[in-house]
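Below: the structure, in structure tokens.
From a predicted model like this one, the values you see are computed outputs, not experimental measurements. Along the sequence shown, residues carry numbers from 1.
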Amino acid sequence: MSISEKYYTLAEELRKNNKYKESIENYLHSILIDRENPDAYLGLALSYKNLKKYQKAIATLKKAEKLSPQNAKIQKELAMCNIIEGEYCIGIKHLINSIKMEPENTDIQMQLALVHEMIEEEDMALMIYQKIIETNPEYIRAYIQKATLYMHLEDYLNSAKMFKQIIKLKPDYFRANLALGICLEKLGNPIAARRYYKKYLKVPSIDDNKKEIFERISELANDLMINDTTLRIV
């Protein structure tokens with residue numbers, strides 16, 4: 001093992017043990033001896049990133065990119081650092097580069113969709129989620145994110161359809177019952193909404209908003225009783 005490799009190996013161990021400042025010193029020693037190792041630049045950039053020195057991380061990643069232009073991980077890290085710095089267009093460009101290099105990497109595709117959500121390009125995000133669903137029909141994260149985005153856009157009909165699909169694919173994802181109940185209530189179907197709220201409450205581990213859901217079920221029941229009475233009077 002060369003001296004440069006020894007510094008690099010030590011730097012990697014230090015970084016993995018969250019000793020970022022110490023790792024930086026060793027990465028720099030390694031790079032000083034061998035300026036042609038893209039992994040050393042990548043590791044150095046990751047240490048800078050963990051210390052929240054994003055501009056330094058970006059500058060270092062650009063050097064790594066020159067040495068290894070087809071490295072998907074470098075592209076992904078360039079994307080993440082630029083996004084953190086608010087350079088969304090540059091971040092999207094690097095995410096797309098990463099996807100081209102690893103077209104089967106669904107997590108990167110999800111990240112791209114999430115960035116489009118962040119910059120309020122919801123149609124692009126929805127399109128990417130749908131593409132993921134079509135190519136990976138068991139990838140539940142895409143369904144959840146798409147359903148949640150529809151709800152955010154107040155498209156409760158499409159959101160309800162997605163949450164029903166989620167329940168079929170993953171019955172133990174109990175929060176889908178709560179979300180579906182909310183959508184159905186918004187769509188003017190309180191009977192169905194109560195049914196899904198009750199399903200949500202059957203899970204014993206729920207304790208964050210249990211009281212509020214119980215109260216909402218009671219309110220819906222009272223509303224239904226009032227409506228039934230009004231109909232009988234008429």
Check: Between Q109 and L95, does a side-chain contact (heavy atoms from CB on, under 4.5 Å) hold up when you go through it step by step?
Finding: CA-CA 8 Å; Q109 294 173 43; L95 281 174; over 6 Å; no
Next item on the list: Let me see the working for Q145 and I128 under side-chain contact (heavy atoms from CB on, under 4.5 Å), right down to the final yes or no.
Entry: CA-CA 11 Å; Q145 201 63 38; I128 295 167; over 6 Å; no
Note to self: Could you go through N105 and S98, starting from their C-alpha distance and side-chain angles, then the distance that decides it, and tell me whether this counts as side-chain contact (heavy atoms from CB on, under 4.5 Å)?
What the structure shows: CA-CA 9 Å; N105 191 328; S98 181; 5.7 Å; no
Note to self: I24 vs Y48, test: side-chain contact (heavy atoms from CB on, under 4.5 Å). Steps then yes/no.
What the structure shows: CA-CA 8 Å; I24 286 170; Y48 283 137; 3.7 Å; yes
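Every pair tested for side-chain hydrogen bond (donor to acceptor under 3.5 Å, both in side chains) that includes a residue from residues 32-41 fails, sequence neighbours excluded, so the list is empty. Within the structure, side-chain hydrogen bond (donor to acceptor under 3.5 Å, both in side chains) contacts touching residues 156-165 (residues at least two apart or in different chains) are D155-N158. Residue pairs meeting the salt bridge (Lys or Arg N to Asp or Glu O under 4.0 Å) criterion with at least one partner in residues 19-29, sequence neighbours excluded, do not occur; the list is empty.
Listed by chain and residue number, nothing satisfies the side chain to side chain contact (heavy atoms under 4.5 Å, CB included) test with K66 (two or more places apart in sequence, or in another chain). Considering only residues two or more places apart in sequence or on other chains, Y143 meets the side chain to side chain donor-acceptor pair (under 3.5 Å) condition with none of them. Looking at residues two or more places apart in sequence or on another chain, you find a side chain to side chain donor-acceptor pair (under 3.5 Å) between Y139 and D107, R141. Residues satisfying the side chain to side chain contact (heavy atoms under 4.5 Å, CB included) criterion with A160, sequence neighbours excluded, are L180, C183, L187. Checked against side chain to side chain donor-acceptor pair (under 3.5 Å), H29 has no partners two or more places apart in sequence or in another chain. Residues passing the salt bridge (charged side-chain N to carboxylate O under 4.0 Å, His left out) test with E12, sequence neighbours excluded: R15. Legend: residues meeting side chain to side chain donor-acceptor pair (under 3.5 Å) with D123, ordered by chain and number and at least two apart, are absent.
A single hydrophobic cluster is seen to contain both Y150 and I132, as judged by linkage of ILVMFWY side chains at heavy-atom distances under 4.5 Å, directly or through other members. I133 and M110 fall within a single hydrophobic cluster, where Ile, Leu, Val, Met, Phe, Trp and Tyr side chains are chained together by heavy-atom contacts under 4.5 Å.
Of the possible polar contacts, none joining the S23 side chain to the L14 backbone as a donor-acceptor pair under 3.5 Å is found. Between the side chain of E5 and the backbone N or O of S2, at least one donor-acceptor pair lies under 3.5 Å.
In the model, E117 has a side-chain atom that pairs as donor or acceptor with a side-chain atom of Y129 under 3.5 Å. In the model, K146 has a side-chain atom that pairs as donor or acceptor with a side-chain atom of Q130 under 3.5 Å. A donor and an acceptor atom, one from each side chain of N18 and Y20, are located under 3.5 Å apart.
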Name every donor-acceptor pair, under 3.5 Å, that has one atom in a side chain of residues 75-84 and the other anywhere in the protein, sequence neighbours excluded.
residue : atom : partner : partner atom : Å
Q75     : OE1  : H94     : ND1          : 2.8
Q75     : OE1  : N97     : ND2          : 3.2
Q75     : NE2  : E65     : OE2          : 2.9
E77     : OE1  : K49     : NZ           : 2.8
N82     : ND2  : L78     : O            : 2.8

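Considering every non-hydrogen atom in both P38 and S68, the closest pair reads CB-CB, 3.8 Å.
Atom NZ of K6 is separated from atom CE of M1 by 7.5 Å, given to the nearest 0.5 angstrom.
Through direct or indirect side-chain contacts shorter than 4.5 Å among Ile, Leu, Val, Met, Phe, Trp and Tyr, I3 is connected to Y7, I33.
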